[in-house]
Amino acid sequence: MSIPVIAIDGPSASGKGTVAALVAKQLGFHYLDSGAIYRVTAHAAQQRGLDLADEAGLATLARGLDLRFDGVEVYLDGHPVGDAIRTEAAGRAASRIAALAALRTALLELQRGFRKAPGLVTDGRDMGSVVFPDATVKVFLTATAEERAQRRYKQLIEKGFDANLAALVEDLRERDARDASRASAPLRQEADAYLLDTTDLTIAQAVARVLDWFRQARPN
Ligand code: DC
């Protein structure tokens, strides 16, 4: 049997990362935050003075990225990037380069390399549609823009960043629109993905729902 994959896709700040990491922990599976790959690629490009619209340059950069995950920490060229990739500006830069088809193709192999026994839980925008189309369970995890902005607000404040709720709602709407309208691997619920609206769910309830779907798909 192939190595199981649980693919959790959805818009910004929907809580998919938190849910995915907890599902991975429960099952003893590996976890991949694919958004971090786009964020760190944009960060590396800015460090090297690359234009964020330079598609060929970014694809070459992506193929040669020296990237390593250790828990939630991401290492670029052997150095921890820390919260530098977690700001709203870093998210916007990631969303911009994520619209470039050649860059997305360049990152495919890197992402698929995370599929290792006993299994992988991953979150992003196209994990179920493009990167792991044969995933065991596909989930489209979402919440209203207002609820997501609240969650992102809390997260930013906890990290010691400045945040403004109204600006966050605006920012999320803009990012969703860009991620959903791009030609290459747009954000959308696939026909074979379960819809998980977490607006009125606790994290534990969302995790339990995903685990149920996985057990249904893999009874043993
Ligand atoms: O999930 P996130 O907010 O960390 O992702 C940052 C950006 O990266 C997001 O706005 C779109 C892009 N992204 C993508 O296009 N495909 C993925 N699988 C993950 C992220």
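First listed ligand is number 1; within each ligand, the first listed atom is number 1.
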(message) Please tell me whether Val19 and Phe214 are part of a single hydrophobic cluster in this structure, the criterion being side-chain heavy atoms less than 4.5 Å apart.
(response) yes
(request) Heavy-atom distances under 4.0 Å are what count here, so tell me which part of Arg182 touches ligand 1: side chain, backbone, both or neither. (result) side chain
(message) Against ligand 1, does Arg178 come closer than 4.0 Å with any heavy atom?
(response) no
(message) Would Ser12 count as being in polar contact with ligand 1, using the rule that some N or O on each side must be under 3.5 angstrom apart?
(response) no
(request) Using a strict cut-off of 4.0 Å, indicate which atoms of ligand 1 neighbour a heavy atom of Ala94. (result) 6 (C), 7 (C), 8 (O)
(request) Could you find the nearest protein heavy atom to atom 1 (O) of ligand 1 and give me its residue, atom name and distance? (result) Arg125 NH1, 2.9 Å
(request) Starting from atom 12 (C) of ligand 1, find the nearest protein heavy-atom neighbour and note its residue, name and distance. (result) Ala98 CB, 3.6 Å
(message) Need the ligand 1 atom indices (1-based, order shown) with element for anything under 4.0 Å from a heavy-atom of Ser95.
(response) 7 (C), 10 (O)
(request) Please check if atom CG in Asp200 has more than 12 non-hydrogen atoms from other residues, nucleotides or ligands closer than 6.0 Å. (result) no
(message) Is there a polar contact between ligand 1 and Tyr38, counting only N or O atoms under 3.5 Å apart?
(response) no
(request) Report the C-alpha separation of Leu107 and Thr41 in whole Å, then their side-chain angles, then the decisive distance to 0.1 Å, and conclude whether the side chain to side chain contact (heavy atoms under 4.5 Å, CB included) test is met. (result) CA-CA 10 Å; Leu107 290 174; Thr41 304; 4.2 Å; yes
(request) Look at the aromatic rings of Tyr194 and Trp213 and report parallel, tilted or perpendicular, splitting at 30° and 60°. (result) parallel
(message) As a check for students: among Leu100, Ile97, Asp179, identify the option with a heavy atom nearest to atom 10 (O) of ligand 1.
(response) Asp179
(message) Tell me every residue that passes side-chain contact (heavy atoms from CB on, under 4.5 Å) with Leu22, counting only those two or more places apart in sequence or in another chain.
(response) Thr18, Ile203, Val207
(request) For Phe69 and Ala36, work out which heavy atoms get closest and say how close. (result) CE2-CB, 3.9 Å
(message) Counting non-hydrogen protein atoms only, what is the nearest one to atom 20 (C) of ligand 1? Give residue, atom name and distance.
(response) Gly35 CA, 3.6 Å
(message) Would you say Thr198 and Arg151 are linked by a side-chain donor-acceptor pair, where the criterion is simply a distance under 3.5 Å?
(response) yes
(request) Taking only heavy atoms of Asp126 into account, list the atoms of ligand 1 that are under 4.0 Å away from them. (result) 16 (N), 17 (C), 18 (N)
(request) State, without any angle test, whether Asp179 and Ser95 hold a side-chain donor-acceptor pair at a distance under 3.5 Å. (result) yes
(message) With a cutoff of 4.0 Å, is Arg104 in contact with ligand 1, counting heavy atoms of the residue only?
(response) yes
(request) Give the residue and atom name of whichever protein heavy atom lies nearest to atom 3 (O) of ligand 1, and the separation in Å to one decimal. (result) Arg39 NH2, 3.0 Å
(request) Just jot down the ligand 1 atoms closer than 4.0 angstrom to any heavy atom of Met127, in number order. (result) 18 (N)
(request) May I ask you to identify the nearest protein heavy atom to atom 19 (C) of ligand 1, giving residue, atom name and distance to one decimal place in Å? (result) Ser34 OG, 3.4 Å
(request) Below 4.0 angstrom from a heavy atom of Lys16, which ligand 1 atoms are there? Numbered from 1 as shown, please. (result) 1 (O)
(request) For the pair Glu88 and Arg175, find out whether any cationic side-chain nitrogen is under 4.0 Å from an anionic carboxylate oxygen. (result) yes
(request) Let me know which of Arg188, Arg148, Arg182 forms a salt bridge (Lys or Arg N to Asp or Glu O under 4.0 Å) with Asp176. (result) Arg148
